[in-house]
Amino acid sequence: MSKLIYILNGPNLNLLGQRQPEIYGRGTLADVETDCTTLGKDLGLEIRLLQSNHEGQIVDWIHEARDAAAGIIINPAAFTHTSVALLDALNTFDGPVLEVHISNVHKRESFRQHSYVSLRADGVIAGCGLQGYALALRRMAVLTEAKEA
């Protein structure tokens with residue numbers, strides 16, 4: 001039986017491949033979903049990939065995940081640096097949470113170097129491009145396996 005993992009994506013990630021490809025690359029969110037679904041099957045994980053430009057929608061999905069998901073992978077995008085609401089919602093989730101950033105936020109503007117989400121995350125992957133999602137899935141497989149043991 002596979003374990004459901006929510007992969008939540010914040011604002012502007014619907015424009016992956018179009019917006020600032022020099023920073024975020026040319027791959028699309030559809031590419032991420034395809035790659036994660038394929039890898040997830042190999043790891044015994046079911047993937048639900050969601051994206052919203054609206055903070056409240058992401059909060060609602062985190063609440064939904066409380067009853068449905070074994071883990072959450074989240075790329076909060078710009079909400080990383082501003083959203084106490086996402087932090088509070090993630091703090092209600094009992095499973096593992098991994099934070100993903102496509103770019104290396106530590107090499108960018110100083111305001112991007114602070115993350116509210118990191119206060120809850122069990123791990124942070126940054127600067128690995130779209131491969132960060134696959135790395136997060138591999139780690140999530142280990143974390144959800146350990147939680148069952």
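Each residue takes its place number in the sequence, starting with 1.
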| task | List, by chain and then residue number, the residues other than Val142 in its hydrophobic cluster (Ile/Leu/Val/Met/Phe/Trp/Tyr, side-chain heavy atoms under 4.5 Å); write none if there are no others. | result | none
Search all heavy atoms of [X] against all heavy atoms of [Y] and return the closest pair with its distance.
X: Ala89; Y: Val59; answer: CB-CG1, 4.0 Å
X: Pro11; Y: Ala77; answer: O-CB, 3.4 Å
X: Asn12; Y: Gln51; answer: N-NE2, 4.0 Å
X: Tyr6; Y: Ala68; answer: OH-CB, 3.8 Å
X: Ile72; Y: Ala65; answer: CD1-CB, 3.9 Å

| Pair Glu145-Lys3, salt bridge (charged side-chain N to carboxylate O under 4.0 Å, His left out): steps then yes or no | CA-CA 10 Å; Glu145 197 66 34; Lys3 295 173 266 194; 3.2 Å; yes
| request: In sequence, state the C-alpha distance, the side-chain angles, and the governing distance for Asp88 and Thr92, and then conclude on side-chain contact (heavy atoms from CB on, under 4.5 Å). | output: CA-CA 7 Å; Asp88 286 350; Thr92 72; over 6 Å; no
Would you say [Y] ends up clustered with [X] if hydrophobic residues are merged whenever their side chains have heavy atoms under 4.5 Å apart, either directly or through other cluster members?
X: Leu90; Y: Leu143; result: no
X: Phe79; Y: Leu87; result: no
X: Ile73; Y: Leu4; result: no
X: Met140; Y: Leu43; result: yes
X: Leu16; Y: Ile47; result: yes

| request: Output, in order, the C-alpha distance, side-chain angles, deciding distance and verdict of side-chain contact (heavy atoms from CB on, under 4.5 Å) for Tyr24 and Leu130. | output: CA-CA 8 Å; Tyr24 302 108; Leu130 298 185; over 6 Å; no
| request: Sort out for me which residue in Asp35, Leu98, Ile102 forms a side chain to side chain contact (heavy atoms under 4.5 Å, CB included) with Tyr133. | output: Ile102
| said: Assess, by modelled atom type and distance only, whether the side chains of Asp31 and Thr28 contain a donor and an acceptor separated by less than 3.5 Å. | reply: yes
Does a side-chain heavy-atom distance below 4.5 Å link [X] with [Y]?
X: Thr144; Y: Pro96; value: yes
X: Asn75; Y: Leu13; value: yes
X: Leu86; Y: Arg120; value: no

For atom [atom1] of [X], is the number of surrounding heavy atoms from other residues, nucleotides or ligands below 6.0 Å larger than 12?
X: Glu55; atom1: CD; result: yes
X: His63; atom1: NE2; result: yes
X: Asp94; atom1: CG; result: no

Atom [atom1] of [X] and atom [atom2] of [Y]: how far apart are they, to the nearest 0.5 Å?
X: Ser118; Y: His101; atom1: OG; atom2: NE2; answer: 6.0 Å
X: Glu46; Y: Ile5; atom1: CD; atom2: CD1; answer: 9.5 Å
X: Asn9; Y: Trp61; atom1: CG; atom2: CH2; answer: 9.0 Å
X: Thr37; Y: Leu49; atom1: OG1; atom2: CG; answer: 7.5 Å
X: Thr80; Y: Ile74; atom1: OG1; atom2: CD1; answer: 7.5 Å
X: Ser52; Y: Leu8; atom1: OG; atom2: CG; answer: 10.0 Å

| query | For Gln18, which residues count as a side chain to side chain donor-acceptor pair (under 3.5 Å) partner, sequence neighbours excluded? | reply | none
| Do Cys36 and Ile7 pass the side-chain contact (heavy atoms from CB on, under 4.5 Å) test, and can you show the C-alpha distance, the side-chain angles, and the key distance before you say yes or no? | CA-CA 9 Å; Cys36 287; Ile7 302 177; 3.8 Å; yes
